[in-house]
Amino acid sequence: MMNNSQKHNLSALFFCMACIALNLLLGAFVSAFGLPLYLDTVGTIVAAATGGFLPAVIVGFCTNIIKNIYDYTALYYSVLNVLIAFFAAWLTDRGWLKKKRGILGLIIVCTLIGGGLGSFIPWFLDGLPYDSELLSTTFSDMGFSPQTVNVLSNISQDALDKTVTVFLALFILHLIPQQYYSYFRFTGWMQTPVSAGEDTLKDKSIVRVMSLKAKLILVFGFSLTTVAVVTVVISMEVYHKTIIKEHTQIAQAAVEVAASILDGDEIDEYLETGGNTPGYRETEQLLKTVLYSATDVLYIYVYKIDEEGSHVVFDFDVGDMKGVDKDKVRADAIGTVIPIDPGYKNDIPALLAGEEVDPIVTRDEYGYLLTVYHPVYDSEGKCACYVGADIDMEQLADMEQSFVMELICVFMGFLIMMCVFVIWLTEYHIIYPINEITKCVDEYSNATDSQEQLDEGVKKFRGIDIHTGDELEQLYKALCKMTLNQAEQMRSIRILSDSTQKMQEGLIITMADMVENRDSDTGAHIQKTAAYVKIIVEGLKEKGYYAEKITPEFMSDVVKSAPLHDVGKINISDIVLNKPGKLTDEEYEIMKTHTTAGKKIIEKAIATVEGGSYLKEARNMAAYHHERWDGKGYPEGLHGEVIPLSARIMSVADVFDALTSPRVYKPAFPIEKAISIIEEGKGTQFDPKCVEVFMDNMPEVEKVLKKYNSDM
């Protein structure tokens, strides 16, 4: 049973076949009616707009491959169809087809590729054919060169074709519902994406110098280009040697046939009489017949070679018979002595001895030629003369150029298609899975606020369900196992941490209760001061005061440790602690020691309890909550912001609770009186900012008072 990915790929394959058929049918239609159009890229643009790069390139390349069956030139133009497919997909991917100027841009791009670039292919292959005589004549009359005329003529004609092609493609796209476009894309995505929509699969990161996708494309492109260049160079070299060998054989065959016509015993007589002997003209005609019949042979001549030079016996070229440029015509009269070809200077001894010599390639006033000599012997076995034949190497160079152009055209189309296929393959089997893994790992690593977020991260990670069948899938499974185990470990750690925290808080409350139970006059003092501390610290946070100090950790530590601010009273005797009247100076000094005693007690706890950093603020509050802003407090006379912030906060909370709570030596002050006293102490006894936020949150303060003071 096929999965969704296989179904999508099958539908995309049928869609590609339909687009190829559309290209072929429209091309056949305009050809049958002799219309000045091609329309063989309509299906290509439709495939690009709906299926993307890979379907478009497949349609473009395969269209020309099939057309090559009945039109051999179609193969050479496959690169144009592939380029149109690539740029049509690229422009569509950027939303150009949804805008008027984008449609115009697509028409211009397709015209420049089909008409502009396309005009150079026949230029290098078959000369300069003009598809439109009218346009060619028009541009010629304007004084343009033949090459420019060819380019302008092709662009002008192709502009009409590409305009009709684009609008016909848009009409077809209008008939296809948008929701079916996804069925026309090839997909190798065998897993379920974390987020809906293909955009989530695209790497939009700009942090890296070069993405993995870019590296893969670079490596593949460089490798394939290197192979292509080497292949073309080797092919050119092999082709060059092959055509030289083939044309050397043609020239050798020509001189051998010519040599069979000649009678070596008559050569001297031809030279002595200047050709006025029976049989000379008949022989000349036969040699001309050989020249005319020999493909690509430009000159045939017969020389008698001695130390004086080359004595012309016969010398003629294709002349008017083959339309050779008259500047290259060579027809020396019989008996003329010309120097031995400089190319054979190393072979002069062999020529004088009547031996065979190897072919040579020369470039002189007669042109770029491949020359072959063949000796003709008389009845005594002596060399009477040499028959020479010249092949036009310029023509061979044109053939090589045409071959290279054919090779480039075919290979470029195939290269682009392979690049697009490799990009598609790497995206779906490497890039997309890695991007999804990276995205989920990032989300998971940031999911530290709660266990629910970790569990959701594990769920998302396992939901990718990657099936690449390689090391990447093994990595994914290992990461799945690791994240699951880590989430479970974090769950255990959180449970242990919660238990430890509850135990710590319980110990704090227990210690505070022990102190409060000894003090018969405090009346829920620790609960109220803790509530006031929370109100003040949250108010400072809200107003942005002491932002560098007030962190979530600081706020938690201060609120949790507030009940321990009077822990030092554990060292104060009951006589002093619970005295019903006013303390004497000596007793007051004893009472003041509860700050230093509290500091020592908590420091011992910090040294004993590992990870007891939360107690540092408890130590500060216990030691310094009786310090004053103006420096007149105790135990150390600290002033201003030198006093720890937690102690300054506790100072306001502690005094306000003392004022609003009844004592054996005084009744509870009315809230208005207590507020007035706190306001008076602003900037002298208390931190002004702490007083400010305390007053701003008076409704919350009153709620605390009503909760713990039943008489209010």
Side-chain angles (χ1 to χ4, degrees), residues 244-319 321-322 324 329-362 366-367 369-393:
I244 291 294
K245 181 178 180 181
E246 289 179 353
H247 285 78
T248 300
Q249 291 174 348
I250 291 173
Q252 287 175 337
V255 296
E256 287 175 2
V257 172
S260 67
I261 295 173
L262 295 170
D263 185 349
D265 294 330
E266 296 178 349
I267 298 302
D268 289 336
E269 185 179 355
Y270 289 161
L271 289 172
E272 291 173 0
T273 61
N276 294 319
T277 59
Y280 182 85
R281 297 303 171 189
E282 290 80 359
T283 302
E284 185 179 52
Q285 284 301 122
L286 290 173
L287 291 176
K288 286 184 177 181
T289 301
V290 173
L291 173 62
Y292 184 71
S293 302
T295 305
D296 299 324
V297 175
L298 186 61
Y299 304 117
I300 283 187
Y301 41 88
V302 179
Y303 293 160
K304 179 175 181 177
I305 299 176
D306 56 23
E307 294 186 358
E308 293 182 6
S310 299
H311 299 264
V312 177
V313 182
F314 296 96
D315 190 1
F316 36 80
D317 55 60
V318 293
M321 294 184 291
K322 292 189 178 180
V324 176
V329 171
R330 181 179 67 192
D332 294 316
I334 184 172
T336 302
V337 179
I338 59 177
I340 297 175
D341 195 318
Y344 282 106
K345 64 180 181 179
N346 295 328
D347 296 315
I348 290 177
L351 291 171
L352 295 176
E355 300 173 355
E356 293 190 4
V357 292
D358 295 329
I360 63 168
V361 176
T362 59
Y366 298 113
L369 304 173
L370 167 65
T371 302
V372 176
Y373 277 1
H374 185 75
V376 177
Y377 300 100
D378 58 20
S379 57
E380 296 180 358
K382 295 180 180 180
C383 179
C385 62
Y386 280 91
V387 178
D390 291 338
I391 298 289
D392 187 5
M393 289 295 290

Quiz prompt | Exercise: identify the closest heavy-atom pair between Gly274 and Ile334 | solution = O-CG2, 3.3 Å

Self-check item: His247 NE2 to Asp296 CG distance, which is reported to the nearest 0.5 Å
Solution: 3.5 Å

Practice problem: Please examine the side chains of Ile391 and Val297, heavy atoms only from C-beta on, and report whether any two atoms are closer than 4.5 Å. | Solution: yes

Quiz item: How many angstroms lie between CG in Asn346 and CD1 in Ile360, if you round to the nearest 0.5 Å?
Solution: 10.0 Å

Quiz item: Do you know which two heavy atoms are closest between Ala350 and Val357, and how far apart they sit?
Solution: CB-CG1, 3.9 Å

Quiz item: Mind checking whether Ile244 and Met393 have side chains closer than 4.5 Å, heavy atoms only?
Solution: yes

Quiz prompt | 4.5 Å side-chain heavy-atom contact, Asp315 and Tyr303 | solution = yes

Quiz item: Hey, what do you get for CG (Leu271) to OG1 (Thr336), rounding to the nearest 0.5 Å?
Solution: 10.0 Å

Quiz item: Can you find a pair of side-chain heavy atoms, one from Pro359 and one from Leu370, that are under 4.5 Å apart?
Solution: yes

Quiz item: Given Thr277 and Glu272, is the side-chain contact (heavy atoms from CB on, under 4.5 Å) satisfied, shown in steps?
Solution: CA-CA 9 Å; Thr277 59; Glu272 291 173 0; over 6 Å; no

Self-check item: Closest non-hydrogen atom pair, Ile340 against Asp306
Solution: CD1-O, 4.2 Å

Quiz item: Can you find a pair of side-chain heavy atoms, one from Asp347 and one from Tyr373, that are under 4.5 Å apart?
Solution: no

Exercise. Would you please test Val387 and Val376 for side-chain contact (heavy atoms from CB on, under 4.5 Å) and show each step?
Key: CA-CA 7 Å; Val387 178; Val376 177; 3.6 Å; yes

Quiz prompt | Nearest-0.5 Å distance, CD of residue Glu284 to OG1 of residue Thr289 | solution = 10.5 Å

Practice problem: Check whether any side-chain heavy atom of Val302 lies under 4.5 Å from a side-chain heavy atom of Tyr270, and answer yes or no. | Solution: no

Practice problem: Could you grab the distance from atom CD of Glu269 to atom CG of Asp263, nearest 0.5 Å is fine? | Solution: 9.5 Å

Quiz item: Within a strict 4.5 Å, meaning less than it, do heavy atoms of the Leu262 and Leu287 side chains meet?
Solution: yes

Practice problem: Indicate yes or no: at least one non-hydrogen side-chain atom of Glu282 is less than 4.5 angstrom from one of Leu286. | Solution: no

